[in-house]
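Here is the structure we will look at.
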Amino acid sequence: MQWIAEWLTKESPPSTSPLCDFNRLSYELRPADVLLVEGRSRVSNVIKTITQSTWTHSALYIGRIYDIRDPQLQQRVRMAYQGDLSEQLMVEALLGEGTIITPLSKYRKDHLRICRPTGLEPEDAHKVVAHAIHHIGFDYDVRHLLDLARFFFPWNVLPRRWRSSLFEHNAGSPTRTVCSSLLASAFNKVNFPILPFIDRDEDGSLRFFKRNPRLFTPKDFDYSPYFDIIKYPFLGLDDLGVYRRLPWGDDSILYNDNERTFAAATKMDEVDFPDNEPEISKKRKKHEEEQAYPQDDEAAQQIINTMREADR
C-alpha cells in the first residue's frame with residue numbers, strides 16, 4: 001500500500017508565481033491556528049475536484065517546542081520529531097504517513113492561509129493543541145487510500161464492486177479522514193464551533209449541535225464564520241492606491257492558467273494571442289488529460305492488481 005500512497009502524494013514543482021508572503025505569515029501564526037494548504041500532488045487535484053475548493057489540506061499549528069507548557073506533551077513532540085526543535089511545528093494527518101509532526105518550513109513554497117478561531121481562550125487553545133499531539137502516530141485508513149486511487153481510472157472500466165459509494169452520494173466524503181477530522185475533533189473537545197447545526201425552539205431559544213468530525217473538509221475552516229481569515233499576499237496592498245504601482249506587464253498578454261506555455265510565450269519577440277490561443281488551449285487540454293490518469297502503464301496495472309486483491 002505504501003507505493004500507492006507515494007504515487008498519489010507525489011508533488012508537482014511549485015509555482016514560480018508566489019501568492020503569499022511566507023515570512024510574514026509564519027511570524028503571524030499562533031498555537032491552535034489552522035493552516036490551509038493548496039496542495040500540488042495527484043491526490044490534491046482529486047480533492048480540489050470533489051470538494052470544489054482550492055484548499056486540499058489543513059494542519060494545526062502548535063508553535064515551537066518551548067510554546068508547549070505541558071512537559072509530557074513536550075516529550076511526546078520530541079519523540080515524534082527528530083529535526084530542529086527551534087523550528088515552528090505543526091500536527092497534520094497525511095495520506096500514507098498517518099498523524100505526524102512536521103516543520104512549517106515544509107510549506108514555504110506553497111499557497112497558504114491562516115484560519116484563526118475567533119476569541120479562543122488561551123487555556124482552550126492549549127487543549128486543542130494537546131488533543132492533536134495525543135493523536136500523533138495514528139494510522140491512515142487503507143480503504144480511503146484505495147477509494148482515492150479508484151478516482152484516477154475511467155468510471156466505466158471499473159467493475160461495479162470496485163466503485164466506492166463515496167463517489168455516488170457525497171462527493172466530499174473521501175477527503176474527510178485525511179486531515180480535517182483530526183482538527184474538527186480537537187475543536188469539538190473545547191466546544192468551539194466550526195459549522196454547527198443550530199436548532200431554534202418554538203420559544204425562540206437556540207441550541208447548537210456539533211457536527212460529526214468526519215464531515216469536515218479543509219474548506220470548512222475557511223467558510224466558517226467563527227474563524228478569522230488571515231492572508232499575507234506576496235505583494236501587500238496596505239497603502240491607499242498602492243495597487244496602481246504594481247509591476248504589471250504588457251496589457252496585451254493574458255495568462256491562461258498554463259505556466260509553462262505562458263513562460264514560453266512571453267519570451268517570444270512578437271506574441272499574437274488571437275492566433276496562439278487555439279494552440280495554447282490544445283496544449284492545456286493535453287496536459288490536463290495526461291494528469292487525469294496514471295502516466296506509467298506498469299503503475300496503473302499495479303493499482304488494478306491491488307484493487308483486485310483487496311476485493312477478494
Side-chain angles (χ1 to χ4, degrees), residues 1-15 18-44 47 55-117 122 125-141 145 177-183 185-187 218 221 230 232 234:
M1 295 298 176
Q2 185 62 33
W3 66 267
I4 298 181
E6 292 175 355
W7 184 82
L8 285 171
T9 56
K10 183 179 180 181
E11 294 187 338
S12 60
S15 171
L19 290 175
C20 70
D21 186 331
F22 179 81
N23 291 332
R24 293 184 65 192
L25 182 140
S26 59
Y27 180 78
E28 173 64 29
L29 277 166
R30 303 175 188 171
D33 280 351
V34 174
L35 189 73
L36 298 183
V37 183
E38 180 181 7
R40 295 179 278 112
S41 64
R42 290 184 174 97
V43 71
S44 294
I47 295 172
W55 308 113
T56 62
H57 181 59
S58 56
L60 187 74
Y61 179 70
I62 64 173
R64 296 178 172 85
I65 186 69
Y66 49 76
D67 292 326
I68 303 172
R69 301 191 308 248
D70 189 323
Q72 292 184 345
L73 293 178
Q74 277 197 18
Q75 183 60 26
R76 190 173 181 86
V77 171
R78 290 179 187 275
M79 292 176 61
Y81 181 67
Q82 304 303 317
D84 184 358
L85 294 180
S86 66
E87 286 259 21
Q88 294 175 273
L89 302 176
M90 305 178 300
V91 175
E92 56 182 347
L94 295 177
L95 186 66
E97 298 184 56
T99 304
I100 59 174
I101 296 283
T102 53
L104 174 64
S105 56
K106 169 185 176 181
Y107 294 113
R108 175 176 289 277
K109 297 182 179 180
D110 290 292
H111 183 202
L112 308 173
R113 175 171 296 176
I114 299 172
C115 296
R116 174 165 298 155
H126 172 73
K127 292 179 181 178
V128 169
V129 168
H131 179 88
I133 292 175
H134 281 307
H135 281 74
I136 293 172
F138 278 39
D139 293 331
Y140 62 94
D141 188 347
L145 181 66
T177 58
V178 176
C179 54
S180 302
S181 60
L182 169 65
L183 275 60
S185 64
F187 285 105
F221 294 97
I230 302 173
Y232 280 108
F234 186 70

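Residues L60 and F187 meet the side-chain proximity criterion, which asks for heavy atoms closer than 4.5 Å. Proximity of I230 to C115: side-chain heavy atoms (C-beta onward) are nowhere separated by under 4.5 Å. For the pair I136 and I100, the minimum side-chain heavy-atom distance is 4.5 Å or more. Side-chain contact check for V91 versus H135: every heavy-atom pair is 4.5 Å or farther apart. With contacts defined as side-chain heavy-atom distances shorter than 4.5 Å, the pair E92/L182 does not qualify. Between S58 and L36, some side-chain heavy-atom pair lies under the 4.5 Å cut-off. Residues N23 and R108 are in side-chain contact: their nearest non-hydrogen atoms beyond the backbone lie under 4.5 Å apart. Y232 is not listed as a side-chain neighbour of L112, based on a closest heavy-atom distance of 4.5 Å or more.
A distance of 10.0 Å separates CZ of R113 from CD of E38, quoted to the nearest 0.5 Å. From E87, atom CD reaches atom CD1 of I101 across 12.5 Å, with rounding to the nearest 0.5 Å. Between R64 atom CZ and L29 atom CG the span is 10.0 Å, to the nearest 0.5 Å. Taking CD of E28 as the start and CG of D33 as the end, the distance is 7.5 Å to the nearest 0.5 Å. Interatomic distance, CE of M90 versus CG of L104, reported as 5.5 Å (0.5 Å rounding). The structure places CH2 of W55 at 4.0 Å from NE2 of H111, a figure rounded to the nearest 0.5 Å.
Screening L73, T99, V128 against I133 for a side-chain contact (heavy atoms from CB on, under 4.5 Å) leaves a single residue, L73.
When all heavy atoms of L85 and I65 are compared, the closest pair comes out as O-CG2, 3.3 Å. Taking both residues in full, the closest heavy atoms of A186 and H131 are given as CA-CD2, 3.4 Å, listed atom of the first, atom of the second, then distance.
Counting non-hydrogen atoms of neighbouring residues, nucleotides and ligands closer than 6.0 angstrom, the CD atom of Q72 reaches no more than 12 such neighbours.
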Inset, instruction - Could you give me the CA-CA distance, side-chain angles and deciding distance for L89 and D67, then say whether side-chain contact (heavy atoms from CB on, under 4.5 Å) is met? - result: CA-CA 10 Å; L89 302 176; D67 292 326; over 6 Å; no
